[in-house]
Amino acid sequence: APPEWDWRKKGAVTEVKDQGMCGSCWAFSVTGNVEGQWFLNRGTLLSLSEQELLDCDKVDKACLGGLPSNAYTAIEKLGGLETEDDYSYQGHVQACSFSAQMAKVYINDSVELSQNEQKLAAWLAQKGPISVAINAFGMQFYRHGIAHPLRPLCSPWLIDHAVLLVGYGNRSNIPFWAIKNSWGSDWGEEGYYYLHRGSGACGVNTMASSAVVN
Amino acid sequence: APVPFKPRAAGARAWEPSSPELLAPARFALDEYNRGRAAGSRAVLGTVRGRVRRTAQGSLYSLEATLEEPPCKDPLVCLLPVSKKTMLCTFEILNELGKHILLRRDCGPVDTKVTDNRNESVSSFLPQLNSDPLQQDFSMKITSVFKDFVATYNRTYESEEEAQWRLSVFARNMVRAQKIQALDRGTAQYGVTKFSDLTEEEFHTIYLNPLLREEPSKKMRLAKSLTDP
């Protein structure tokens with residue numbers, strides 16, 4: 001892996017979104033990943049619809065939570081994702097109104113990634129932003145800087161929030177992951193969370209995955 | 001990691017209240033505890049109790065002491081005078097020919113966990129609010145910070161009662177944020193965010209995703225290893 005990488009500087013990441021009062025982080029994590037994959041494979045950055053997943057992914061539970069692995073399958077079965085503009089976010093479940101004719105992107109497959117953070121960094125730099133899930137300990141009060149909670153307080157076994165790795169690097173010799181969150185740009189560092197890299201902090205390496213666009 | 005403090009087995013004899021004989025080994029233990037710390041960041045001795053055993057080598061002191069850590073000085077995260085951290089320590093000190101030797105030290109923070117309770121107000125949360133000038137100062141500060149929070153994030157509450165309840169949640173959350181801050185090993189700063197008026201349970205229920213830990217993930221194909229370009 002290169003010593004640092006940031007997909008935001010390369011135009012692969014859309015603006016920070018806000019899931020509102022709804023546990024739909026899984027949908028934002030997956031659309032963020034697909035946005036990056038589409039950009040890297042097709043050259044166009046499109047903001048994609050989380051509401052489509054809330055309404056039409058019947059395996060997951062909309063605002064009550066979901067799993068990225070199910071969401072990839074749903075996108076494949078539905079026939080793609082509409083854009084944010086065409087199927088805008090409401091923050092609560094509605095009847096599915098997806099139209100295959102309106103789909104602007106598709107995915108062909110999805111893969112699980114290594115739990116080795118060095119390999120994750122290498123994958124990210126070469127292939128694009130990664131969907132991950134973490135233990136959200138402390139994030140309710142996070143303002144800025146690199147979070148590195150004690151492991152017993154931020155157990156990898158208590159994963160409860162899905163987010164998107166968009167880059168990594170070092171600040172004052174502290175290695176970090178740059179993480180796009182979905183709580184709006186008025187949270188954290190303009191919507192981003194910085195978490196210690198290399199120690200499996202908060203289980204960041206335990207549920208890494210990506211869509212595949214051919 | 002902070003663990004609930006459990007004193008080691010004290011044998012058949014109960015701990016004795018503080019006596020003049022315990023003060024010298026207690027001061028020695030405190031000096032050892034503060035070794036390497038700059039003036040102003042040293043802990044001070046609180047209560048001391050213990051017992052002494054006479055042995056062939058000298059006197060063996062088993063002490064249980066509370067040590068008060070100095071209050072936090074970062075104005076962004078240390079709004080609270082209650083932030084003063086108390087450590088509960090046990091020490092075993094041998095006095096041999098007038099010289100103290102520290103044999104064992106075991107310290108942990110005193111559990112000051114604040115429980116969520118809808119009936120609590122700021123004044124019940126800080127019971128000495130009306131009598132202690134420091135607490136009055138805290139009350140004014142936290143109310144002022146809460147007003148800024150309400151303005152910044154456009155919060156509206158249905159009633160005065162609801163606003164008071166949210167103020168008490170906010171105050172408790174500032175204590176929680178400060179504890180998280182104290183235990184973080186990185187450079188992160190914790191404090192007021194747009195979620196500061198939510199209880200932990202509300203935050204988890206509304207914003208987080210319990211399915212990630214409750215439901216087994218569908219097995220996905222493993223990505224191929226990257227090859228050297």
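As the structure is a prediction and not an experimental result, all values here were calculated from the model. We name chains A, B, ... by the order of the sequence lines, and we start the count at 1 in each one.
- In terms of heavy-atom pairs under 4.5 angstrom with chain B, the leader among Trp183(A), Tyr193(A), Trp187(A) is Trp183(A).
- Options Phe137(A), Phe141(A), Trp26(A) differ in how many heavy-atom pairs under 4.5 Å they form with chain B, and the most are formed by Phe141(A).
- Annotation: Lys77(A), atom NZ; neighbour count of heavy atoms from other residues, nucleotides and ligands within 6.0 Å does not exceed 12.
- Under the 3.5 Å distance criterion, the side-chain polar atoms of Asn209(B) are matched with a main-chain donor or acceptor of Gly66(A).
- Of the inter-residue distances, the one linking Tyr190(B) atom OH with His144(A) atom NE2 reads 11.0 Å to the nearest 0.5 angstrom.
- Side-chain atoms of Thr187(B) never come within 3.5 Å of backbone atoms of Gly145(A) as a donor-acceptor pair (strictly under, hydrogens ignored).
- With a 4.5 Å cut-off on non-hydrogen atoms, Cys22(A) touches chain B through its backbone but not through its side chain.
- Ranking Ser182(A), Gly138(A), Ser172(A), Gly188(A) against chain B, the residue ahead of the rest is Gly138(A), based on heavy-atom pairs under 4.5 Å.
- To the nearest 0.5 Å, the span separating CZ on Arg213(B) from CG on Asp160(A) amounts to 5.0 Å.
- To the nearest 0.5 Å, the span separating SG on Cys63(A) from OH on Tyr207(B) amounts to 11.0 Å.
- Of the two parts of Phe203(B), only the side chain, counted from C-beta on, holds a non-hydrogen atom closer than 4.5 Å to a non-hydrogen atom of chain A.
- Heavy atoms closer than 4.5 Å to chain B are found in the side chain of Tyr72(A), but not in its backbone.
- At least one side-chain heavy atom of Asp186(A) sits less than 4.5 Å from a side-chain heavy atom of Tyr153(B).
- Contacts with chain B (heavy atom to heavy atom, under 4.5 Å) involve no residue of residues 6-17 of chain A.
- Contacts between Gln140(A) and chain B at a heavy-atom distance below 4.5 Å involve backbone atoms as well as side-chain atoms.
- Interface residue Thr73(A): only side-chain heavy atoms are found under 4.5 Å from chain B.
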Start with the C-alpha gap between His196(A) and Arg185(B), add the side-chain angles, then the distance that decides, and say whether side chain to side chain contact (heavy atoms under 4.5 Å, CB included) holds. CA-CA 9 Å; His196(A) 187 265; Arg185(B) 291 178 293 167; over 6 Å; no

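- Judged by distance alone, with hydrogens and angles left aside, the side-chain atoms of Arg143(A) form a donor-acceptor pair with the main-chain N or O of Val192(B) at under 3.5 Å.
- Only the side chain of Ala136(A) comes within contact range of chain B, with heavy atoms under 4.5 Å apart.
- The two atoms that bring Gly186(B) and His148(A) nearest to each other are N-CB, 3.4 Å, heavy atoms only.
- The two residues Ile146(A) and Asp184(B) make their nearest non-hydrogen contact at O-OD1, 3.8 Å.
- Both the backbone and the side chain of Ala162(A) come within contact range of chain B, judged by heavy atoms closer than 4.5 Å.
- Note: Ser69(A) OG to Lys219(B) NZ = 10.5 Å, rounded to the nearest 0.5 Å.
- Contacts with chain B (heavy atom to heavy atom, under 4.5 Å) involve these residues of residues 112-120 of chain A, listed by number: Glu112(A), Leu113(A).
- When all heavy atoms are compared, the tightest approach of Ile159(A) to Leu212(B) is O-CB, 3.6 Å.
- Interatomic distance, Asp18(A) CG to Lys194(B) NZ, rounded to the nearest 0.5 Å: 4.0 Å.
- When heavy atoms are compared at a cutoff of 4.5 Å, Tyr194(A) does not approach chain B at all.
- Shown here is Glu4(A), whose CD atom has no more than 12 heavy atoms of other residues, nucleotides or ligands within 6.0 Å.
- Shown here is Glu32(B), whose CD atom has more than 12 heavy atoms of other residues, nucleotides or ligands within 6.0 Å.
- Of the two parts of Asn135(A), neither the backbone nor the side chain holds a non-hydrogen atom closer than 4.5 Å to a non-hydrogen atom of chain B.
- With hydrogens and angles disregarded, no donor-acceptor distance shorter than 3.5 Å links the side chain of Thr193(B) to the backbone of Tyr142(A).
- Only the backbone of Trp157(A) comes within contact range of chain B, with heavy atoms under 4.5 Å apart.
- Considering only heavy-atom pairs separated by less than 4.5 Å from chain A, the leading option among Thr205(B), Leu208(B), Ile180(B), Leu198(B) is Leu208(B).
- With a 4.5 angstrom heavy-atom cutoff, Leu195(A) does not touch chain B via any of its atoms.
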